[in-house]
Amino acid sequence: MSTLLSVKNLSKEFGGVHAVEDLSFEVEKGRIHSIIGPNGAGKTTLFNLITGLYQPSAGSVHLNGRSLADHKPHELAPLGMCRTFQNLQICMNMNALENVMLGRHRHLGQGTLASLLKLPALRRADRDCRQQCAELMAFVGCGQYLNHHASAMPYGALKRLEIARALASEPDILLLDEPAAGLNRTETDALREVIRKIADKGITVVLVEHDMKLVMSISDQVLVLCYGRQLADGSPDQIRANPDVIDAYLGSRKPEEEATA
Amino acid sequence: MFSEFFQFSFSGITLGAIYALVALGFTLIYNASHVINFAQGEFLMIGGMGTVVLMDAGAPIYLAIPGAIVMAGIAGVLLHKLAIAPAKNADVVTLIIITIGASIFLRGLAQIFWGKDYHVLPAFSDTESLSVGGAVLLTQSLWILGIAALLVTALGLFFTRTALGKALLATSMNKDAASLVGIKTGAILTLAFGIAALLGAVAGVIVAPITFTAYDIGIMLGLKGFIAAAIGGLGSSTGAILGGLLLGLAEAYTAGYISSDYKDAVPFVLILAILFFLPNGLLGSRAVERV
Amino acid sequence: MATVNARTFDTQSKAPGLIGLFVVLALAPLLAANAFHYDLMIKICLTAMVAVGLNLLVGYAGQVSLGHAAFYAGGAYASALLTQNYQLAPLPAMLLAAVGVGAMAWLVGRPILHLKGHYLSMATLGLGVIAAIVINNEDQITGGPDGLAVAPLSVFGHELSVFGSYEWFGVAITGTQLWYLIAAGGLFLAVWLALNLIDSPLGRALRALHGSEIAAQVAGVDTAKYKLRVFVISAVYASVAGSLYAHYSGFITPDAASFGHSIELITIVVLGGMASTYGVILGAAILMLIPQFLTGFQELEMVLFGAILMAVMIFMPRGLVPTIARRFQKEAA
């Protein structure tokens, strides 16, 4: 069991507001690690800190032992880290397949002259890329939108498209920011299967979610945040039984009955 | 030497006051609707040329000026109602092209009905110039500074003390929220355009006695006003005023001390220099994108 | 679940458009009755060439440039000076000019492409006007407001001038007609290259700059570097078109770098349709042809032009070609 992602004493301040405060935890390779907490607990801020969109006020993030400090957001994909977004970041000016193909960018040739002339090697690579990305779309369950434009796709399908795009990059670790937000029960169940399939491929998954049923049924480890601080970190059973967590977040009802946020 | 500096400073501030008024008009429209109004300069033109035409038709100056200003106001209202509002949620670049089309349109109308000649308006005072500390000051400059200051104060009071003004501010901050609390955002936007047009027209009238006025003076003045607004930080009224004054002074000093050939380059060099160090202008806010 | 056809969206879909363009360019001379018509068509082709490059920057990558005329003039003046003062042959001069203009674009692009939205437009506007003023003032080098004369184009020693007589597959053609072939050929090449670019990984990254910069970054795209790249590419397009124009007309003035010219170029891109390569060609044609139709109206020309511009942008905000294409798509569905 080796640590893939390690966060130590991570803090982020926005002019006096401590969005994330002195956070430390580790994510093990090949596991599904969920992060839960009420709105405003700092979950998305944590993701943004890990993926380089924000710079921390203090503390560090290490991926495979390598510090991610001062890494620009675009330098993380080559290191094997990819993420999806709470508020979709889909390119609505491209069609579905092209969005996924964007994910494979770092694996493809990017020379200006080669692109202008559409050299045969580039053409072949692009064709293979199309095939791979179409398969990815099928894998995440939005294969029926293969010939669609992104702007014509429903919300739920776009969420899966983003996952397909992230997978296209061939990451070692995948960060999913509220993938179940806005999905109904059936769609969420389908999402659970997709996440399981991703983990089965050996990709480490870190999940920020509100949907307790999804979190508890799929996670190996759960981290609970409250007001930017760590409240608890353990297996789903441990979290379920933790009185602090129940007080602060889950309330008196059982976790399985908790509706999606 | 000091009198020279004083002279340049004075003409710089005078010019700066004009740019500030144009920039304010820009900022007003930009704040309310996020449109960059390339036709702003044409409102100045309507103010100046309108006065000339009305006076030629026999009206005394104290009637011609308000008449021209009203004309500009109407033009501003029509610009919003007929050109901007119908475009609804068009792309930023599309809206820019629409205002460019509007500016060409207005210039074309002026060319047809008012001719291509250059005209001069009489100065507001009988004494044309004063000698202060060895420098020659145009009395018109004093009028310009006085009227500009008056307008800016009035505008400030309008936004902070009147319900209508506050409604305008609210619309500029968040159009949807404003309409949800019952503010008629469509009418507010039209008002913003109208006020911006009035500002521009007044500027055009008070500067006309110093510079010439003609059907095409709007182009450069509008452009420089836009730059002044950007220097100050698009969206900031104080920034617009600061930007305008800064621009006026910079132009005057360059023309006086360096070379008048490159005087026209000053606004553009200035904006590049400012943007290099302050990517959002002097007082512009840094927008944080939420993910 | 749909099965994957490897030919889905394959590059072959470029062919119909290119064939269509070829046909239009080939048949256009049938509408030309005199040298003036050819002159118009040549100007349309060269302007369209600039527009195709500018479209890559504005329409696809979503970055606004209000100073692109500077690159056009840069290519034109560089070609003029290199052939006149340094006795360089026109084609190498054109290449050198393009490299020079590209380098300039790289230098000025680095700091300003970090700016966003209107501030970027302002910065490009500023650079464009400064370039125009410099060209105007440094008359020792550039000939100032009076401009420069330019040697005619010559390829491997053969002069290709509007005043010459030539043969094309056995048919005798005038110099102006030959120049139409050059301009049309250049445009075709420019479009082909652009279409290749758009459909490549580089092209997708550029389009992502417009769609979602964050998505691009997460996919590993260095957005700053790519913005610079497309800026330079679009500058080179403008430079080549400018060089060609200089050799064609035999003369170049500072007007080529004017703010008005930059605005014309942006208008063409927006009018024809952003992110539509064929659309901007149509936009160029329309923008250059409208004044011809309006000369009869004389005084009304400006008013009508402004009115038409407003009307088209209000009712077809995506530009002519995308709006019309969408209408056909809806009817076909």
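So that the names make sense, note that chain A is the first sequence line, chain B the second, and so on, each numbered from 1.
Contact of C:Y60 with chain A is made through the backbone alone, with heavy-atom distances under 4.5 Å. With a 4.5 Å cut-off on non-hydrogen atoms, A:T51 does not touch chain C at all. Contacts of A:L76 with chain C are absent, with no heavy-atom separation under 4.5 Å from either backbone or side chain. Using a 4.5 Å cut-off between heavy atoms, C:I233 touches chain A through its side chain atoms alone. Looking at A:L88, there are no atoms closer than 4.5 Å to chain C (heavy atoms on both sides), in backbone or side chain. Neither the backbone nor the side chain of A:E75 comes within contact range of chain C, judged by heavy atoms closer than 4.5 Å. Looking at C:R229, the atoms closer than 4.5 Å to chain A (heavy atoms on both sides) all sit in the side chain, from C-beta outward.
With chain C as the partner, the residue from A:A125, A:S115, A:A77 showing the most heavy-atom pairs under 4.5 Å is A:S115. Across C:A275, C:P201, C:G62, C:G220, the residue that shares the most heavy-atom pairs under 4.5 angstrom with chain A is C:P201. Counting heavy-atom pairs under 4.5 Å between each of C:V218, C:V232, C:T223 and chain A puts C:V218 at the top. The most heavy-atom pairs under 4.5 Å with chain A, out of C:A194, C:G203, C:A216, C:A219, come from C:A219. Ranked by heavy-atom pairs shorter than 4.5 Å toward chain C, the options A:K72, A:E162, A:M94 are led by A:M94. When A:N93, A:L108, A:D128, A:L122 are compared by the number of non-hydrogen pairs under 4.5 Å with chain C, A:N93 comes out ahead. Looking only at heavy-atom pairs under 4.5 Å with chain C, the residue among A:R165, A:R106, A:M101 that has the most is A:M101.
Aromatic ring orientation, C:Y72 versus C:Y245: tilted (interplanar angle from 30° to 60°). Aromatic ring orientation, C:F231 versus C:H68: perpendicular (interplanar angle above 60°, classes split at 30° and 60°).
A cation-pi arrangement, defined by a distance under 6.0 Å to the six-membered ring centre and an angle within 45 degrees of its axis, is absent between A:K159 and A:F85.
Note on C:D222 versus C:K227: no salt bridge recorded, every NZ/NE/NH1/NH2 to OD/OE distance being 4.0 Å or above.
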**Item:** Intermediate values then yes/no, ring-ring contact (aromatic ring centres under 6.0 Å, His included), A:Y54 and A:F47
**Value:** CA-CA 9 Å; A:Y54 293 163; A:F47 258 26; over 10 Å; no

**Message:** Could you walk me through whether A:R104 and A:E170 satisfy the salt bridge (Lys or Arg N to Asp or Glu O under 4.0 Å) test, starting with their C-alpha distance in whole Å, then the side-chain angles of each, then the deciding distance to 0.1 Å, before giving a yes or no?
**Reply:** CA-CA 8 Å; A:R104 280 203 72 69; A:E170 289 177 32; 3.0 Å; yes

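Closest heavy-atom contact between C:V101 and C:S239: CG2-OG, 3.6 Å.
In this structure, A:Y145 contributes its side chain and A:P154 its backbone to no donor-acceptor pair below 3.5 Å. Under a 3.5 Å cut-off, the side chain of A:T204 and the backbone N or O of A:G30 do form a donor-acceptor pair.
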